[in-house]
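Residue numbers start at 1 and run along the sequence shown. As the structure lists them, so they are numbered: ligands from 1, and atoms in each ligand from 1.
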Amino acid sequence: MKTIHCHTPGETDLQCAAQILKMGGLVAFPTETVYGLGGNALDKQAAKKIYQAKGRPSDNPLIIHLASAADAAKYCETNELFDRLAEAFCPGPLTIVLPKRDCIPYEVSGGLETVAVRIPAHPIARRLIEIFGAPIAAPSANLSGRPSPTSYSHIENDLDGIVDMLIDGGECAIGLESTIIRIEDGNRISLLRPGGITLEMLAPFAPNGIYVDPCVEQKISDGQKPLAPGMMYRHYAPDAPLILLEGSENAFFDFLRAEAEIGDLPIGVLCYDEDTRIPKNAVAVSLGKRNDPADQAHRLFSCLREFNERNLRVIYARMPEKTGLGLAVFNRLIKAAGYTVKKL
Ligand code: TXA
Ligand code: MG
């Protein structure tokens, strides 16, 4: 397939993109979290195409993207808590799972009776949805299993020749996918995937606390199911095995020094800007400033892709803090590591 590459999207380009969506085609577009691979959310054939293009299992449902929270009631059963959350956080990096209406095909909801709804803040995404005039179903625009795309080169690497159009919006501001929550019985909140809207920000809306799906922090045992089907799949994995190290700063650098001397291939280290004691023969990639989880979130997926440009024996990363946005960074890292943690 010949893909249209659009680098400085203007109104006419977005009209062209909307036309492609109307004809059942696929368009990758920027959002403030990660790039999305969009198709018409009301068209089951378009949903099938999305799964096919990504190589994604069809039981892993898609998020529908709307231009305004006021449109949500057309596609799902909203409630008062939804309205209050939307007022506080939408448009923005929050996805809310609610019972779906019949117009949303099961191909989009992965066979579930619920649908995930998000109102993105990125102006290109918003304008595209507005012109299209209907919800856009969009998973992250990566091939299944790869890190989510946070820059144009990522979508070009993954989807050139596979989808109809790629829209350049530069680097995604947040860099990690949206927070996903489910509203239970109209008033309780469950966290399915951590992201830019943190537990701390959601707390005032949940006087009885927020249920955190165990798979956010740990590997779930056989037979258990995560609340978000996608959390079950191996994700984000770089080519070399990634291992998280837990221990003191001194133990971390001592371990790296010993490891860097072993084997024919170099080791990779996911470090912070402030780290000065990385062994010279290791391939160091900085995740950002040590005390700045927003910077780390912004860079994480690019860092994971960068390691793939080198032939490495193993990649080591330090265990991040789990508070605030750190929980989302930790969740993506531990999944990329296949839950392998080594205590030092
Ligand atoms: O930031 C984001 O959310 C990006 C941008 C493009 O909006 N999208 C994104 O989509 O990350 P995706 O498909 O990569 O991840 C969607 C996650 C999956 O884990 C899926 O299982 C879950 O949302 N999900 C979707 N619908 C659901 C539902 N009805 N119930 C539970 N989980 C759902
Ligand atoms: Mg994804």
*asked:* Show the atoms of ligand 1 that are less than 4.0 angstrom away from any heavy atom in Gly36.
replied: 6 (C)
*Sub-4.0 Å atoms of ligand 1 with respect to non-hydrogen atoms of Gly230*: 18 (C), 19 (O), 20 (C), 21 (O)
*Determine, for Glu261 against Arg257, whether the closest basic-nitrogen to carboxylate-oxygen distance falls under 4.0 angstrom.*
no
*Test: Lys100 cationic atom under 6.0 Å from Tyr106 six-membered ring centre, within 45° of axis*: yes
_Is it true that, when you exclude Glu87 itself, more than 12 heavy atoms of the residues, nucleotides or ligands shown sit nearer than 6.0 Å to its CD?_
no
*Using heavy atoms and a threshold below 4.0 Å, how should the contact between Lys100 and ligand 1 be classified: side chain, backbone, both, or neither?*
neither
_I need the atoms of ligand 1 closer than 4.0 Å to a non-hydrogen atom of His65, numbered in the order shown._
5 (C), 6 (C), 7 (O)
*Is Arg118 salt-bridged to Glu32, cutoff N-O under 4.0 Å?*
yes
*Under 4.5 Å between any side-chain heavy atoms of Arg332 and Phe301, yes or no?*
yes
*Go through ligand 1 atom by atom and flag the ones less than 4.0 Å from a non-hydrogen atom of Pro229.*
21 (O), 31 (C), 32 (N)
*From the candidates Asn142, Thr114, Val34, Thr179, the one that places a heavy atom nearest atom 29 (N) of ligand 1*: Thr114
*Under 3.5 Å between some N or O of ligand 1 and some N or O of Arg118?*
yes
*Using a strict cut-off of 4.0 Å, indicate which atoms of ligand 1 neighbour a heavy atom of Leu227.*
31 (C), 32 (N)
*At distances under 2.8 Å, what protein N, O or S atoms surround the Mg ion (ligand 2)?*
Ser140 OG
*asked:* Through direct or indirect side-chain contacts below 4.5 angstrom among Ile, Leu, Val, Met, Phe, Trp and Tyr, which residues connect to Met1?
replied: none
*Run the numbers for me: atoms of ligand 1, each under 4.0 Å from some heavy atom of Leu112, listed by number.*
28 (C), 29 (N), 30 (N)
*So which bit of Thr33 gets within less than 4.0 Å of ligand 1, heavy atoms only: side chain, backbone, both or neither?*
side chain
*Nearest non-hydrogen atom to atom 27 (C) of ligand 1 belongs to which of Pro30, Pro61, Ser144, Pro139?*
Pro61
*Which ligand 1 atoms, with their elements, are less than 4.0 angstrom from a heavy-atom of Ile63?*
3 (O), 8 (N), 9 (C), 10 (O), 16 (C)
*Taking all non-hydrogen atoms of both residues, which atom of Ala138 and which atom of Gly38 are closest, and how far apart?*
CB-CA, 4.0 Å
*Pick one of side chain, backbone, both or neither for how Arg193 approaches ligand 1, counting any non-hydrogen atom pair under 4.0 Å.*
side chain
*Taking everything shown except Gln15 itself, do over 12 heavy atoms lie less than 6.0 Å from its CD?*
yes
*Considering only heavy atoms of Ser178, which atoms of ligand 1 have at least one such atom less than 4.0 Å away?*
1 (O), 2 (C), 3 (O)
_Does Gln52, at its CD atom, have more than 12 non-hydrogen atoms belonging to other residues, nucleotides or ligands within less than 6.0 Å?_
no
*How is the hydrophobic cluster of Val269 composed, in terms of its other members, when Ile, Leu, Val, Met, Phe, Trp and Tyr link through side-chain heavy atoms under 4.5 Å apart, directly or indirectly?*
Ile243, Leu245, Phe252, Phe253, Phe255, Leu256, Ile267, Ile278, Val314, Tyr316, Leu344
_Heavy-atom pairs closer than 4.0 Å: do any link ligand 1 to the side chain of Arg56, the backbone, both, or neither?_
side chain
_I want to know if ligand 1 touches Lys54 in the polar sense, i.e. an N/O pair below 3.5 angstrom._
no
_Connected hydrophobic set around Leu265, excluding itself, where side chains approach under 4.5 Å_ = none
*Any non-hydrogen atom of Ser109 lying under 4.0 Å from ligand 1?*
no
*asked:* Given 3.5 Å as the limit, does a donor-acceptor pair link the side chain of Thr33 with the main chain of Glu177, or not?
replied: no
*Heavy atom of the protein closest to atom 17 (C) of ligand 1 (residue, atom name, distance)*: Ile180 CD1, 3.4 Å
*Please report which non-hydrogen protein atom sits nearest to atom 9 (C) of ligand 1, along with the residue it belongs to and the distance in Å to one decimal place.*
Ser140 N, 3.6 Å
*What protein heavy atom sits nearest atom 20 (C) of ligand 1, and how far off is it?*
Asn60 OD1, 3.1 Å
_Lys/Arg-Asp/Glu bridge criterion (N-O < 4.0 Å) met for Glu249, Arg290_ = yes
*Contact summary for Gly175 and Thr150, nearest pair of heavy atoms*: O-CG2, 3.4 Å
_Note: Glu11-Arg127 ion pair, threshold 4.0 Å (strictly below)_ = yes
*Could you tell me whether Arg310 atom CZ has more than 12 heavy atoms of other residues or ligands within 6.0 Å of it?*
no
